[in-house]
2 protein chains.
Amino acid sequence: MADHSTRAAYTVDSLLAVTVRVFNERGYDGTSMEDLSRAAGISKSSIYHHVRGKEELLRLAVGRALDALFAILDEPAATAGRPADRLEHVVRRTAEVLLDELPYVTLLLRVRGNTATEQWALERRRDFDHRVAALVQDAVTAGQLRADVEPRLATRLLFGTVNSLVEWYRPGQRGAEHLPDAVARFAFDGLRAR
Amino acid sequence: MADHSTRAAYTVDSLLAVTVRVFNERGYDGTSMEDLSRAAGISKSSIYHHVRGKEELLRLAVGRALDALFAILDEPAATAGRPADRLEHVVRRTAEVLLDELPYVTLLLRVRGNTATEQWALERRRDFDHRVAALVQDAVTAGQLRADVEPRLATRLLFGTVNSLVEWYRPGQRGAEHLPDAVARFAFDGLRAR
DNA sequence: GTCTATATGTTGATAGAC
DNA sequence: GTCTATCAACATATAGAC
């Protein structure tokens, strides 16, 4: 073996996993390179061997989340069928991806726009939202969603509901496999008893 | 007149209004006292004349949001009547308060927990959530909400939906007066056409 | 109530050895 | 691939004049 210690050397990916955890705990701006070095167990300058700086770590993390979300829109069930069914598929899958890639999506949803990287992330998020809004519009036009629903508002409330999972879900929590279904039922059928 | 310039002197409240706007634009950690001084048009040390420091500005801002939210729970319509009606009232009023006190509530919802002040804010938020969760439980027990709804999950999705308004609503936006109603319909009746 | 000047600590990033 | 040592810039906060 060629390694000089007991712990395997970091790769960009394994360093990213540690980084994203700390970013989510303390916030991106509230996290110093010193915080990251302590959490990773290596020195600050060692981090700079893997990445150009703090902002690159953010870019890699939110890029991973965005790629996973956009992939949903290309799935067969999102591109063919009744508009309402396609929309419901996207909502369920968005919730699933959010849970699968929880720390990365959490970080994405907290990005504010201070730096160029953050603005790029916000732009891609808006693009994703617009593509879902078009799906909502189609479903309303087809008479499959309530007629009094304003498509843009409905899209925003949908994402508000789905995205709020990052506020409280913690990995391994009981009943995770039923969450995407519960979210879809909430959004499409509501809480009220009939 | 006793003032020495054209602009009225700052009070804690008027300084807070400027501060909260900047905190929401750049994030609390991303905002420096220099940023605040530039936005307020006075020097850094003048800010310290009004408050002890940056963290006190945060405490005053989120305290205002929390007081407004807790006041809802004491309103007559929240303390008497059918559980489902009381819950629906709280949801509508939470949306209203959120829109009325938008910058303060926005800041509250973004608090992470790095400092003692932030932990205090998170604790009061949890307390508010628990009191609403009890209302949801009552409504489920009374058979007024779907039986397959887990009360804690329902509460979280409710707040996720309402709180998401801060992500996109901007003051003066068209149709604001219908928003609390639209949110309540979404949450209780869902999007699907019947 | 506001200012200029400054103290004191922390930050992101680099140099260069091993 | 990791380290120690260091830097310039920027942070929060204070002192003291007007």
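Here is the naming used below: chain letters follow the sequence lines, and residue numbers restart at 1 for every chain.
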Please write out each protein N/O paired with an N/O of nucleotides 11-15 of chain C under 3.5 Å, distance rounded to 0.1 Å.
| unit_1 | atom_1 | unit_2 | atom_2 | d |
| --- | --- | --- | --- | --- |
| C:dG12 | OP1 | A:T31 | O | 3.2 |
| C:dG12 | OP1 | A:K54 | NZ | 2.8 |
| C:dG12 | OP2 | A:M33 | N | 2.6 |
| C:dA13 | OP2 | A:Y48 | OH | 3.1 |
| C:dA13 | OP2 | A:K54 | N | 3.2 |
| C:dA13 | O5' | A:Y48 | OH | 3.4 |
| C:dA13 | N6 | A:K44 | NZ | 3.0 |

Students should find that the nucleotides of DNA chain D closing off the region near chain A, any atom under 4.0 angstrom from a heavy atom, are D:dG1 to D:dT4
Residues pairing under side-chain hydrogen bond (donor to acceptor under 3.5 Å, both in side chains) where one sits in residues 155-179 of chain A, two or more places apart or in two chains, turn out to be A:T161-B:T161
Salt bridge or not between A:R152 and A:D129? Use side-chain N to carboxylate O under 4.0 Å. no
Ionic contact status for B:R92 with B:E88, cut-off 4.0 Å
yes
Is there a side-chain contact between B:F188 and B:L145 in this structure, where contact means two heavy atoms from C-beta onward sitting under 4.5 Å apart? yes
Look at B:R112 together with B:D29 and state whether they make a salt bridge at an N to O cut-off of under 4.0 Å.
no
Worksheet item: Can you say whether the rings of B:F159 and B:F128 are parallel (under 30°), tilted (30 to 60°) or perpendicular (over 60°)?
Response: tilted
query = Between A:R146 and B:D189, is the closest basic N to carboxylate O distance under 4.0 Å?
reply = no
